[in-house]
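One structure below.
Any value given below was found using the heavy atoms of this structure, including those in side chains, with hydrogens, waters and symmetry copies removed. Throughout, protein chains are lettered first and strands after them, A, B, ... in sequence-line order, and every chain is numbered starting at 1.
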There are 2 protein chains.
Amino acid sequence: MSKVQSLNMRLTATEENYLKAIFKLSEENGNPTATTNAIAAEMNTAAASVTDMLRRLSEKDLIHYEKYKGVHLKEQGRKVATMLLRKHRLWEYFLVEKLKFEWDEVHDIAEELEHVRSEELINRLDNYLGQPRFDPHGDPIPNADGTIPTRQLTPLSTLKTGQHGVLTGLQEHPDSLMRYLKKVNISIGTKIQVLELHEFDESVSVRIDDERDIELSEKVSKNLLLKI
Amino acid sequence: MSKVQSLNMRLTATEENYLKAIFKLSEENGNPTATTNAIAAEMNTAAASVTDMLRRLSEKDLIHYEKYKGVHLKEQGRKVATMLLRKHRLWEYFLVEKLKFEWDEVHDIAEELEHVRSEELINRLDNYLGQPRFDPHGDPIPNADGTIPTRQLTPLSTLKTGQHGVLTGLQEHPDSLMRYLKKVNISIGTKIQVLELHEFDESVSVRIDDERDIELSEKVSKNLLLKI
DNA sequence: ACATATTTTTAGATTAATCTAAAAATATTT
DNA sequence: AAATATTTTTAGATTAATCTAAAAATATGT
């Protein structure tokens, strides 16, 4: 019998969002646990509200929680979180590829769409889209069984002069970064070569697609993940 | 200045559902007002909950409500209700035409999708689908300005022997009716001709697409709307 | 038109999700 | 290790949406 059974309890969108936040803060960032304050910051709520929610998620056996000791997902909670990621990223793919939204316009809409409850819907959508493995921001789309495709990507900021790679993912992607990248005409698939490193502010001169040169700040170069 | 301005208050999904119910019970059914009990039945809630909600919707100026006198939509409320219908029906069209769902499987999913808040999304979806005027059940899809295409349709139950028409809409469409129609292979576009009327139970013998004959009960024949 | 039935509203609780302020636990610094 | 700072939890309120039970208003029937 499979260890991964389909969840038979109804969660509210809020509960789902907390699980997503915990996933991001622990597993995705490689930390053992997520702390109350970190979750509060991620969710834009008061710490007291987080404590309350942790108690409830713990009662539902979705997370492991001990007072003052932080929190991490149990198997069921992890399943919920990865399914949300799957739904979010498939919807983003749909919005960009089919409805022709720009990649900096889709996050908030996908944030609502991901809470629509139907396994059938998401699997049909997946097929309709041709089972894409990465979303428009280069983020991996979890499979129906919860596994997440992994890749070996290198931040632009760690390359030496002369090295190059293809932009394949982003570390974080606030809309502000994506609007910036759109303005300087860089997107997933763009070739980037390091021309010069500037020690003073850690900025870097790069050649884009072998045809034009620009300057990127440290903050930007840390966010660009390349396939070497 | 246009009388129809875009709504700047955030409504909850529940508030939206009440407005939809009031629209259905008053305007769509041609009644001047909707009553508390009728809304309670439509929403599957206690009458007391309805009274409470009517007070709040009235405070927001979305409905006209006087105690014990029933309720009807004001302009803003009507706008919200028709936009929900527009969203619901466009999503149903998407689910059936693009994701290949059956017409008896889409209602509940569309019920969730219709609450996703984005005008841009729904207008892009409309264009992507080719601006359809009717959904998979034959219901008219309201336009972006709130107007609703009308047609002159005749219930099968009012036809005389020998008359025929094309199935173009349904009076009501519970999933049970749609599963039945699927089973007997009748759908929007099917030609139906009256062969014989049975006075006793108001059932009717009909010829389908000029090639096979079946019996339809009174309840079914009242629900089938034909273009003569 | 009065008694009875039905409908609607009010009163008082409950649950989920949130808040602020205060208390308790844990971590840091000198 | 004591004092101080930070983090987390508890206590107590609030809002939206719901309920049941009782009261009030309206409608119906003889």
Side-chain angles (χ1 to χ4, degrees), chain A residues 7 9-22 25-26 29 31-73 77 80-81 84 111-112 114-115 117, chain B residues 7 9-22 25-26 29 31-73 77 80-81 84 111-112 114-115 117:
Chain A
L7 203 68
M9 59 183 128
R10 285 225 172 306
L11 300 184
T12 65
T14 310
E15 290 172 320
E16 290 187 337
N17 285 335
Y18 273 95
L19 291 172
K20 228 178 22 154
I22 296 165
L25 293 169
S26 53
N29 292 358
N31 300 320
T33 61
T35 65
T36 301
N37 266 359
I39 297 168
E42 179 71 26
M43 299 283 301
N44 272 302
T45 54
S49 310
V50 175
T51 301
D52 227 62
M53 180 58 88
L54 295 183
R55 196 182 31 69
R56 274 179 289 143
L57 292 175
S58 183
E59 265 164 30
K60 294 187 178 184
D61 218 40
L62 295 162
I63 61 173
H64 185 269
Y65 169 55
E66 279 179 89
K67 280 189 202 172
Y68 299 102
K69 296 280 174 63
V71 72
H72 64 263
L73 297 177
V80 172
L84 283 167
E111 204 73 10
E112 293 196 50
E114 75 189 6
H115 296 293
R117 270 168 252 281
Chain B
L7 202 68
M9 59 183 126
R10 280 220 178 309
L11 300 184
T12 65
T14 310
E15 290 172 319
E16 290 187 336
N17 285 336
Y18 274 95
L19 292 172
K20 228 177 22 152
I22 295 166
L25 293 168
S26 53
N29 291 358
N31 300 320
T33 60
T35 66
T36 301
N37 267 358
I39 296 168
E42 179 72 25
M43 299 283 300
N44 272 302
T45 54
S49 310
V50 175
T51 302
D52 227 61
M53 180 58 90
L54 295 183
R55 197 182 31 69
R56 274 179 290 140
L57 292 175
S58 183
E59 263 164 30
K60 294 187 178 183
D61 219 39
L62 295 162
I63 62 173
H64 184 268
Y65 169 54
E66 278 179 272
K67 279 188 203 175
Y68 299 101
K69 298 278 174 65
V71 70
H72 65 262
L73 297 177
V80 172
L84 284 166
E111 204 73 10
E112 293 196 49
E114 75 189 5
H115 296 294
R117 273 167 250 281

Are any non-hydrogen side-chain atoms of [X] and [Y] less than 4.5 angstrom apart?
{"X": "A:Glu114", "Y": "A:Glu16", "value": "no"}
{"X": "A:Leu19", "Y": "A:Leu11", "value": "yes"}
{"X": "A:Met53", "Y": "A:Thr45", "value": "no"}
{"X": "A:Met43", "Y": "A:Asn17", "value": "yes"}
{"X": "A:Asp52", "Y": "A:Arg56", "value": "yes"}

Letter by letter from the 5' end, nucleotides 16-21 of chain D scores (B base, S sugar-phosphate only, - none; protein heavy atoms under 4.0 Å) SSBBB-

| query | How far does CD of A:Glu42 sit from NZ of A:Lys20, to the nearest 0.5 angstrom? | reply |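 Going from the CD atom of A:Glu42 to the NZ atom of A:Lys20 covers 8.5 Å.
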
Separation of [X] atom [atom1] from [N] atom [atom2], in whole Å?
{"X": "B:Arg55", "N": "C:dT10", "atom1": "CZ", "atom2": "P", "answer": "8 Å"}
{"X": "B:Ile39", "N": "C:dT8", "atom1": "CD1", "atom2": "P", "answer": "9 Å"}
{"X": "B:Glu59", "N": "D:dT15", "atom1": "CD", "atom2": "P", "answer": "12 Å"}
{"X": "A:Met9", "N": "C:dT15", "atom1": "CE", "atom2": "P", "answer": "19 Å"}

- Task: Respond yes when some side-chain nitrogen or oxygen of B:Asn37 is under 4.0 Å from OP1 or OP2 of C:dT6, and no when none is.
- Result: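 B:Asn37 to C:dT6 OP1/OP2: no side-chain N or O under 4.0 Å.
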
Reckon B:Thr36 touches a base, only the sugar-phosphate, or nothing at all at heavy-atom distances under 4.0 Å?
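If one applies the 4.0 Å heavy-atom cut-off, B:Thr36 turns out to touch the sugar-phosphate alone, with no base involved.
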
| Please, which pairs that meet ring-ring contact (aromatic ring centres under 6.0 Å, His included) have at least one residue in residues 46-70 of chain B, sequence neighbours excluded? |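 Residue pairs passing ring-ring contact (aromatic ring centres under 6.0 Å, His included), neighbours aside: B:His64-B:His72.
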
Could you list, one pair per line, each protein nitrogen or oxygen that sits under 3.5 Å from a nitrogen or oxygen of nucleotides 22-29 of chain D, together with the distance?
| from | atom 1 | to | atom 2 | distance (Å) |
| --- | --- | --- | --- | --- |
| D:dA25 | O4' | B:Tyr68 | OH | 3.4 |

- Task: Take B:Ile22 and B:Leu54 through the test side chain to side chain contact (heavy atoms under 4.5 Å, CB included) and record every step on the way to the result.
- Result: CA-CA 10 Å; B:Ile22 295 166; B:Leu54 295 183; 4.1 Å; yes

Item to complete: For D:dA22, give its Watson-Crick or G-U wobble partner with both distances under 3.5 Å, or none.
Response: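 With both distances under 3.5 Å, D:dA22 matches C:dT9.
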
